[in-house]
Every structure is written in C-alpha cells, then in structure tokens.
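Order of the sequence lines fixes the chain letters, A, B, ..., with proteins taken first and strands second; residue numbering starts at 1 for each chain. Here the structure is a predicted model, which means the values were calculated and not measured.
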There are 2 protein chains.
Amino acid sequence: MHKYSKQTRHLLAVDCVVFGFDGETLKILLIQRAFQPEKGNWSLMGGFVEANEGLDEASTRILKQLTGLDGVYLEQLHTYGDTNRDPIERTVSTAYFALIDINKYETQLSNDYHAEWFPLTAAPKLIFDHAEMVEAAKRRIRYKAALHPILFELLPKKFTIPQLQTLYESVFNTTIDKRNFSKRVLATGLVIKLAEKDKAGSKRGAYYYQLNMDNYYAKFQAFLNFIPNPDTLLL
Amino acid sequence: MHKYSKQTRHLLAVDCVVFGFDGETLKILLIQRAFQPEKGNWSLMGGFVEANEGLDEASTRILKQLTGLDGVYLEQLHTYGDTNRDPIERTVSTAYFALIDINKYETQLSNDYHAEWFPLTAAPKLIFDHAEMVEAAKRRIRYKAALHPILFELLPKKFTIPQLQTLYESVFNTTIDKRNFSKRVLATGLVIKLAEKDKAGSKRGAYYYQLNMDNYYAKFQAFLNFIPNPDTLLL
DNA sequence: GCAAAAGTGTTGAGGATACACCCATGG
DNA sequence: CCATGGGTGTATCCTCAACACTTTTGC
C-alpha cells in the first residue's frame with residue numbers, strides 16, 4: 001500500500017559513461033540500443049532502475065549486464081530530468097561515469113558483448129541527451145583529474161611514467177614536459193618504482209611503477225598538481 | 001499510453017540545502033515537515049517532482065513555495081537513491097544547494113513562512129538522510145569555493161573586504177592574514193571599489209566593493225586561489 | 001652504429017607567505 | 001585621547017616552468 005498515494009511516479013534510469021585508455025587516446029564504450037525507440041542507434045550503457053535497488057546498485061548491475069564489467073571505478077555524475085529527454089515517456093536518468101583499464105577487458109567486450117570503443121573525438125551520434133552526458137563526464141574527469149589521482153584507474157596495475165604522461169596529455173589535450181611531469185608524479189609519493197621494465201614501448205625499456213596504496217587514500221583528497229597551468233585550461 | 005509499460009515507476013523528490021551568511025557564521029535554512037511521516041521534525045526544503053516539470057524546475061518551485069525565495073543560485077548536488085531512505089515508500093531524491101544573501105530575506109522568511117536559520121554547527125537532528133545531504137553540500141561548497149568565486153552569492157551586492165574575509169574564514173573554518181587576503185582578492189580583478197563606505201562595522205568605515213561582472217563570468221571557470229594552503233584543508 | 005625512447009638536474013622568475021605599522025573616527 | 005577595526009608594503013622563500021644532454025639497446 002502506498003502512503004504517498006497522491007504523488008506521481010516516474011520512470012527512472014541510469015546511464016554510464018565508460019572511459020578507457022588504450023595507450024594512445026581516451027575512448028568511450030558504446031552499445032547499440034536493443035529496443036525501441038532508437039533501436040540500433042549508439043547509446044551509453046543504460047537501463048531502468050528497479051523497485052528494490054539503489055541507484056549505485058542499478059548502475060553496477062547494468063554495467064555488468066551489458067558489458068560484463070565488474071568492480072570498476074564508478075561515480076555518480078549528474079541527474080538529467082528534462083521532461084522531454086526521452087520522446088516516448090518522461091524518464092529521469094542519473095548518469096554515472098566509469099574508468100577502466102581498457103586492455104583488461106578488450107577481448108571479452110568484443111566477443112561476449114556488443115559494446116564498442118570509440119575515440120572521444122570520433123564518437124558517433126548518440127541517442128537522446130547522451131552526448132550531453134558524455135560532455136559533462138569529460139568535463140568532470142578533467143576537473144577531478146587536475147586535482148586528484150583518479151586517472152590511475154585507467155591504467156593497468158603496473159604502468160610506466162611515459163604511459164601515465166600520455167594519458168594525462170590525452171585527457172587534457174595538451175603536451176607536458178617529461179622532466180617536469182616525472183618530477184611532479186614522483187614528488188607525490190603516490191607511485192613505487194619496480195625492478196621490472198616494460199620493453200614494449202622502446203628498446204631501452206621503461207621502468208614499471210605501481211600505486212602506493214598507503215599514500216593513495218591519504219592523498220586522494222588533497223589538491224595535487226598534475227597539470228601545469230590549470231588556470232589556462234578550459235574546464 | 002505508456003510505451004515502457006513493463007518498467008517500475010518511482011517516487012521522485014528534490015531537497016534543497018539553503019546556505020546563508022549573516023556576517024558571523026554560515027547557516028542553513030530548515031523547516032518543520034508538514035506531513036507524515038516525521039511531521040513537525042526539521043527538514044530541508046523538499047517536495048515531490050511532478051509529472052510535467054524538470055528537476056531544476058521542481059527545485060525552483062519548491063524553494064519558492066516553502067520560502068518565497070526566487071532567482072537564487074541553485075545547483076544540483078547529488079541524487080540519493082537508497083531503497084530505504086524514506087521509511088514509508090521508496091523515494092529517490094535529488095539534492096540541490098542554494099546560496100543566498102541572508103539579510104535580503106530575513107524578515108520575509110520568519111514572517112510569511114516558517115523556515116528558520118540554524119548555524120551549521122548547531123543544527124537540529126534532521127529527517128531521513130538530510131544530514132548526509134547537508135554534509136555533502138558543505139563539502140561541495142568548500143571544494144568549489146576554494147577554486148571559484150561562488151561565495152559572493154552569499155553577500156549583498158555591496159560588501160566590504162573584511163566581510164568577505166569573515167565569510168571565507170567561516171566557510172573554511174580557518175583564519176587568514178588580512179593583508180594577503182586583500183591582495184589575493186584584488187588581484188583577481190573580480191571586485192570594484194566603490195566610493196561609499198560601510199560604517200556599521202567600525203568607526204573608520206570600510207569601503208564597499210561590488211562584483212565586476214565583466215570579469216566574473218570570464219574568470220569563474222579558472223582555478224583561482226582564494227584559500228592559502230588548500231592542500232592542508234580537509235575537503 | 002644509429003635511431004628511438006627513457007631518464008635525469010639546474011637555473012631563474014614569479015607568486016605566495018610572513019610580518020608590523022599607520023589611519024580614521026566615534027565615543 | 002583612546003580603543004577599535006581598516007588599510008597598506010616588503011623581504012623572503014619556494015614552487016614551478018623552461019630547458020639539453022646522456023643512456024640503452026634492438027635493429
């Protein structure tokens with residue numbers, strides 16, 4: 001029995017903007033929508049919220065269902081409530097964004113599911129207001145990554161400084177002096193140098209690093225300084 | 001006729017955390033809930049979202065209905081979707097926060113409406129998860145105000161530098177050297193000195209300033225630097 | 001041996017902090 | 001005349017940006 005019986009009830013959805021990094025460019029994961037309207041058109045990972053699940057739960061479930069992804073960094077972004085954003089029926093949608101290590105799931109995603117990666121700069125037209133969500137997600141990760149070490153979520157557990165730099169450069173669409181970048185990163189105390197080298201990128205090889213978890217949680221909330229001249233960036 | 005007829009529909013609410021500054025301390029506006037459950041207990045300004053209104057519209061409407069406030073700074077904060085956050089029936093709520101000049105509405109609020117201001121540090125127990133929303137709003141305005149000039153929304157059109165400093169000090173619960181604070185503020189080019197003085201705070205009087213709207217929108221997105229040592233703040 | 005990427009130090013400029021005294025005026 | 005808050009300048013430090021050469025090794 002409903003106690004708030006006079007109130008209107010609404011459709012509630014979640015949509016996830018999934019970011020991945022392949023070592024070159026920042027990408028987003030899209031699927032072709034499975035039902036009408038806009039069936040077959042490119043869409044974020046989305047679905048309706050069920051009666052007995054929270055929003056975070058719903059986004060986790062939907063991401064798992066559509067892509068098999070589990071245990072990834074997932075954060076609420078914004079809730080979109082325009083009455084006409086879905087032409088069929090008024091639907092309020094809470095957008096989330098996820099950051100994942102693209103290589104960890106690449107084959108799984110293309111084989112078992114029908115999600116595809118697109119470079120951020122070359123994504124197809126998206127349904128409804130999903131392009132707006134992607135824009136907001138991009139702004140949010142730029143904003144957050146300029147001050148907090150979230151981009152490590154996009155890399156494998158073991159990564160090299162040049163890989164990290166390429167990631168920052170592609171997220172912020174800029175170039176950074178490698179001497180200064182390396183100094184900044186090492187100065188945070190967030191990474192630990194390993195003995196092993198990655199020989200894939202060069203003949204000499206680059207040392208692997210991994211996150212220093214002790215410092216990670218402690219420093220996460222502090223304002224770091226990963227990007228030179230953040231003032232001049234359009235955030 | 002519903003095209004998504006198989007999907008569950010949900011109750012949707014908005015709740016507004018309204019901040020005000022009286023020259024001394026940061027305060028929030030609360031009302032006593034008008035209906036069951038928790039009737040008579042202290043609550044944020046909240047209400048259900050109707051069928052034909054967007055979320056921003058709903059928050060504006062509800063704020064107006066409950067307090068008479070109109071045209072104030074209002075920003076979406078976060079959406080709370082735990083299934084049991086309202087004991088009567090599952091309700092998803094999108095929280096907003098507002099920043100207003102407390103003096104502008106003080107008498108109106110206490111006479112025409114039954115909202116009351118409470119110092120942030122001495123607020124009563126709140127219904128449901130409203131205390132969590134207030135905490136999140138507090139973190140958000142600290143975070144945002146450390147980098148963007150949003151706190152001017154809490155002051156009258158004409159304000160003095162000492163007033164502004166007291167505001168920053170109370171939001172960040174710290175003390176700032178007045179020479180450095182004044183330099184920082186003036187260096188942004190965000191304020192214009194007026195000829196008139198405010199004689200209320202001292203015998204000598206303090207010059208009034210007002211926002212320089214030309215620079216305001218241009219500089220809003222840049223990372224400013226209003227707070228010394230933001231690293232050390234718990235944000 | 002050479003091309004291609006990794007790794008590393010120093011210097012200079014500018015911005016941030018620390019700090020103390022005079023000013024205006026109402027009582 | 002004095003107490004109270006308002007207003008201002010400077011020296012120092014330190015952080016950040018600019019900048020170039022050596023190392024390694026697969027081919």
Asker: Within the supplied structure, the quantity of interest is the number of heavy atoms (other residues, nucleotides, ligands) at a distance under 6.0 Å from B/Asn173 CG; does it exceed 12?
Answerer: no
Asker: Among pairs that include at least one residue of residues 165-174 of chain B, which meet salt bridge (charged side-chain N to carboxylate O under 4.0 Å, His left out), considering only residues two or more places apart or in two chains?
Answerer: none
Asker: Specify the angle, to 10°, made by the local axes at the two ends of the helix from C/dG1-D/dC27 to C/dG27-D/dC1 when five pairs are taken at each end.
Answerer: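 Result, rounded to 10 degrees: 0°.
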Asker: Of the nucleotides C/dC23, C/dT25, C/dA6, which has the atom closest to the B/Arg204 side chain?
Answerer: C/dC23
Asker: By side-chain contact (heavy atoms from CB on, under 4.5 Å), which residues pair with A/Pro149, not counting sequence neighbours?
Answerer: A/Phe152, A/Leu190, A/Tyr216, A/Phe220, A/Leu224, A/Phe226
Asker: What's the NZ-P distance between A/Lys203 and C/dG1, to the nearest Å?
Answerer: 16 Å
Asker: Separation of B/Leu164 atom CG from D/dG7 atom P, in whole Å?
Answerer: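 From B/Leu164 CG to D/dG7 P: 12 Å.
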Asker: Filter on salt bridge (charged side-chain N to carboxylate O under 4.0 Å, His left out), then keep only pairs touching residues 172-194 of chain A, sequence neighbours left out; what's left?
Answerer: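 Matches after skipping sequence neighbours: A/Asp177-A/Arg179.
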Asker: Rounded to whole Å, how long is the line connecting atom NZ of A/Lys178 with atom P of C/dG9?
Answerer: 14 Å
Asker: For DNA chain C, what residues of residues 187-202 of chain B have any heavy atom nearer than 4.0 Å?
Answerer: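 The stretch gives B/Lys199 as the residues lying under 4.0 Å from the strand, ordered by number.
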Asker: Could you check how far CZ of B/Phe226 sits from P of C/dG15, rounded to whole Å?
Answerer: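 In whole Å, C/dG15 P lies 16 Å from B/Phe226 CZ.
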Asker: Whole angstroms only, please: what is the CZ-P distance between B/Arg184 and D/dT8?
Answerer: 16 Å
Asker: Filter on salt bridge (charged side-chain N to carboxylate O under 4.0 Å, His left out), then keep only pairs touching residues 20-31 of chain A, sequence neighbours left out; what's left?
Answerer: A/Asp22-A/Lys27
Asker: Using atom CD of A/Gln165 as one end and atom C1' of C/dT8 as the other, report the distance to the nearest whole Å.
Answerer: 14 Å
Asker: Would you mind listing every ring pair (Phe, Tyr, Trp, His ring centres under 6.0 Å) that reaches into residues 176-197 of chain A, with sequence neighbours excluded?
Answerer: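 Sorted result for residues 176-197 of chain A: A/Tyr168-A/Phe181.
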Asker: Pull out every protein N or O sitting under 3.5 Å from an N or O of nucleotides 9-14 of chain D, one pair per line with the distance.
Answerer:
unit_1: D/dT10; atom_1: O4; unit_2: B/Lys183; atom_2: NZ; d: 2.7

Asker: Does A/Glu135 have any side-chain contact (heavy atoms from CB on, under 4.5 Å) partners at least two apart in sequence or in another chain, and if so, which?
Answerer: A/Lys138, A/Arg139
Asker: Under 3.5 Å, which donor-acceptor pairs link side chains of residues 126-134 of chain A to any protein atom two or more places apart or in another chain?
Answerer:
unit_1: A/Asp129; atom_1: OD1; unit_2: A/Arg85; atom_2: NE; d: 3.3
unit_1: A/Asp129; atom_1: OD1; unit_2: A/Arg85; atom_2: NH2; d: 3.0
unit_1: A/Asp129; atom_1: OD2; unit_2: A/Arg85; atom_2: NE; d: 2.7
unit_1: A/His130; atom_1: ND1; unit_2: A/Leu44; atom_2: N; d: 3.1
unit_1: A/His130; atom_1: NE2; unit_2: A/Asp15; atom_2: OD1; d: 3.4

Asker: Is atom CZ of B/Phe118 surrounded by more than 12 heavy atoms (other residues, nucleotides or ligands) closer than 6.0 Å?
Answerer: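 Counting other residues, nucleotides and ligands, CZ of B/Phe118 exceeds 12 neighbours.
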Asker: Looking only at side-chain N and O atoms, does B/Asn225 come under 4.0 Å of OP1 or OP2 in C/dG15?
Answerer: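 B/Asn225 to C/dG15 OP1/OP2: no side-chain N or O under 4.0 Å.
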Asker: Between atom CD1 in A/Ile161 and atom P in C/dA5, what is the gap in whole Å?
Answerer: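 After rounding, the reported distance stands at 18 Å.
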Asker: Could you tell me the separation between the OH atom of B/Tyr208 and the P atom of D/dG6, rounded to a whole number of Å?
Answerer: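 Rounded to whole Å, this separation is 12 Å.
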Asker: Can you list everything that forms a side-chain contact (heavy atoms from CB on, under 4.5 Å) with A/Gln65? Sequence neighbours excluded, please.
Answerer: A/Arg61
Asker: Scan for salt bridge (charged side-chain N to carboxylate O under 4.0 Å, His left out) pairs involving residues 63-73 of chain A, sequence neighbours excluded, and state none if there are none.
Answerer: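 Found A/Lys64-A/Asp70.
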